[in-house]
Amino acid sequence: MTDTAQRARGALRRELGGFLRAHRDLVAPADVGLPRTPRRRTSGLRREEVAALAGVSVAWYTWLEQGRVDTSRQVLDAVARALRMDGAAREHALALAGFAADGLFAPDGLFAPDGLHAPDARDTPNAPDTPDAAEVDHQPLLDSWPTTPALLLSPALDLLAWNTAYATLWPDPAAVPPDRRNLLLLLTGDPHHQRLLPAWQPLAMDLYRHFRTRADRDPLSARFRGLTARLRAERPDLKEWWDCRSVGDFTPRTVELALADGQLARYGVTLLLTPEPRGGAVLVQTPARTR
């Protein structure tokens with residue numbers, strides 16, 4: 001295993017430990033049939049309780065939360081059940097432990113399906129992902145939707161390409177400084193976007209869960225770390241969001257936009273994942289009806 005792979009594996013173990021701790025805090029004793037005693041100092045489960053429910057030793061589970069040991073898929077499944085994880089959280093925990101869909105490690109110890117990689121020239125904390133071959137490959141697809149606003153996004157939700165329909169409906173990304181061309185930064189901090197989408201919070205929160213899923217699985221990426229730090233700095237009032245360890249792929253939804261002429265327009269929003277290694281997604285907004 002290379003030094004980069006060893007660093008990545010250690011970072012993933014630490015992410016897994018933090019993810020387990022966060023879920024342990026969310027499970028109340030009553031959820032698993034345990035009484036809540038007056039002397040209890042935490043609302044969640046104790047480590048020894050999780051260990052007993054999962055059928056492992058307290059010492060081993062403690063090491064797992066501390067990122068000091070690897071685990072088998074079978075044992076991690078037992079821990080996930082003890083922590084009452086839903087399907088998305090369980091899948092995320094397995095990914096952090098290095099298990100692909102077939103339960104095997106990818107070559108060289110890296111979890112290839114989610115793009116774990118050695119740092120490269122694009123991995124600077126505050127620089128957005130730059131357009132590359134993906135922009136050339138997907139621009140014709142975006143342009144083929146003349147009435148459907150669409151964006152090509154990086155895994156960190158940086159805006160890489162867009163079509164005319166998007167630039168007409170939303171503030172034109174070309175007029176946005178390159179270092180701010182990120183969908184999370186724009187939805188949480190740009191008044192023009194928030195004026196167009198008054199109920200921006202549910203969409204932004206769902207996108208952040210999608211972002212968080214990818215950030216946790218790519219712990220060596222300076223871009224993910226830098227963007228997370230910037231979101232915290234620019235919107236400290238959303239600290240509960242940034243501290244949340246909830247994960248999951250984006251859920252299609254309908255949003256209502258307040259147009260400049262006073263009309264309300266409804267769009268169905270879908271995120272289509274691209275197949276390339278380290279691939280991002282295409283955000284498609286399908287017109288519904290105007291009233």
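Residue numbers count from 1 along this sequence.
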What's the separation between atom [atom1] in [X] and atom [atom2] in [Y], rounded to the nearest 0.5 Å?
| X | Y | atom1 | atom2 | value |
| --- | --- | --- | --- | --- |
| Leu220 | Arg225 | CG | CZ | 7.0 Å |
| Phe250 | Thr270 | CZ | OG1 | 7.5 Å |
| His210 | Leu153 | NE2 | CG | 8.0 Å |
| Trp200 | Gln194 | CH2 | CD | 5.0 Å |
| Gln66 | Arg13 | CD | CZ | 12.5 Å |
| Phe211 | Ser154 | CZ | OG | 9.0 Å |

With Arg230 as reference, evaluate Leu184, Asp179, Asn182 under the side-chain contact (heavy atoms from CB on, under 4.5 Å) test and give the passing residue.
Asp179
So, for [X] and [Y], which heavy atoms are closest and what is the spacing to 0.1 Å?
| X | Y | answer |
| --- | --- | --- |
| Ala97 | Thr71 | CB-CG2, 4.3 Å |
| Ala82 | Ala54 | CB-N, 4.2 Å |
| Asp172 | Ala167 | OD1-CB, 3.6 Å |
| Thr148 | Pro287 | OG1-CD, 4.2 Å |
| Trp162 | Leu151 | CB-CD2, 3.6 Å |
| Leu183 | Leu283 | CD2-CD2, 3.8 Å |

Charged N to carboxylate O below 4.0 Å: is that the case for [X] and [Y]?
| X | Y | value |
| --- | --- | --- |
| Arg212 | Asp216 | yes |
| Arg24 | Glu65 | yes |
| Arg9 | Asp70 | yes |
| Glu15 | Arg245 | yes |

May I ask whether [X] and [Y] are part of the same hydrophobic cluster, defined by side-chain heavy atoms of I, L, V, M, F, W, Y residues being less than 4.5 angstrom apart, directly or through others?
| X | Y | result |
| --- | --- | --- |
| Leu169 | Leu203 | yes |
| Val32 | Met85 | yes |
| Trp60 | Leu12 | yes |
| Leu273 | Leu142 | no |
| Leu26 | Leu64 | no |

Just by modelled atom types, is the Gly248 backbone N or O under 3.5 Å from a matching donor or acceptor in the Thr213 side chain?
yes
Using atom types as modelled and distance alone, determine if a side-chain donor or acceptor of Trp63 lies under 3.5 Å from a backbone N or O of Val58.
no
[Y] side chain reached by [X] side chain, heavy atoms, under 4.5 Å:
| X | Y | answer |
| --- | --- | --- |
| Leu157 | Leu227 | no |
| Val255 | Leu257 | yes |
| Val282 | Trp145 | yes |
| Pro219 | Phe224 | no |
| Leu94 | Leu76 | yes |
| Leu53 | Leu45 | yes |
| Asp218 | Pro155 | no |
| His193 | Pro171 | yes |

Under the side-chain contact (heavy atoms from CB on, under 4.5 Å) rule, what do Val284 and Thr286 come out as? Steps first, then yes or no, please.
CA-CA 6 Å; Val284 181; Thr286 308; 4.0 Å; yes
Test salt bridge (charged side-chain N to carboxylate O under 4.0 Å, His left out), reference Asp158, set Arg214, Arg180, Arg181, Arg223, output is Arg223
Does the side chain of [X] pick up a donor-acceptor pair with the side chain of [Y] at under 3.5 Å?
| X | Y | answer |
| --- | --- | --- |
| Asn163 | Asp143 | no |
| Gln285 | Trp170 | yes |
| Arg84 | His23 | no |

The test is side-chain contact (heavy atoms from CB on, under 4.5 Å); show your working for Val247 and Phe19 and say whether it passes.
CA-CA 10 Å; Val247 295; Phe19 190 66; 3.9 Å; yes
Please step through side-chain contact (heavy atoms from CB on, under 4.5 Å) for the pair Trp241 and Arg235, ending with a clear verdict.
CA-CA 10 Å; Trp241 285 28; Arg235 291 300 305 264; over 6 Å; no
Asp243 vs Glu240, side-chain contact (heavy atoms from CB on, under 4.5 Å): CA-CA, chis, key distance, verdict:
CA-CA 5 Å; Asp243 289 345; Glu240 288 188 2; 5.9 Å; no
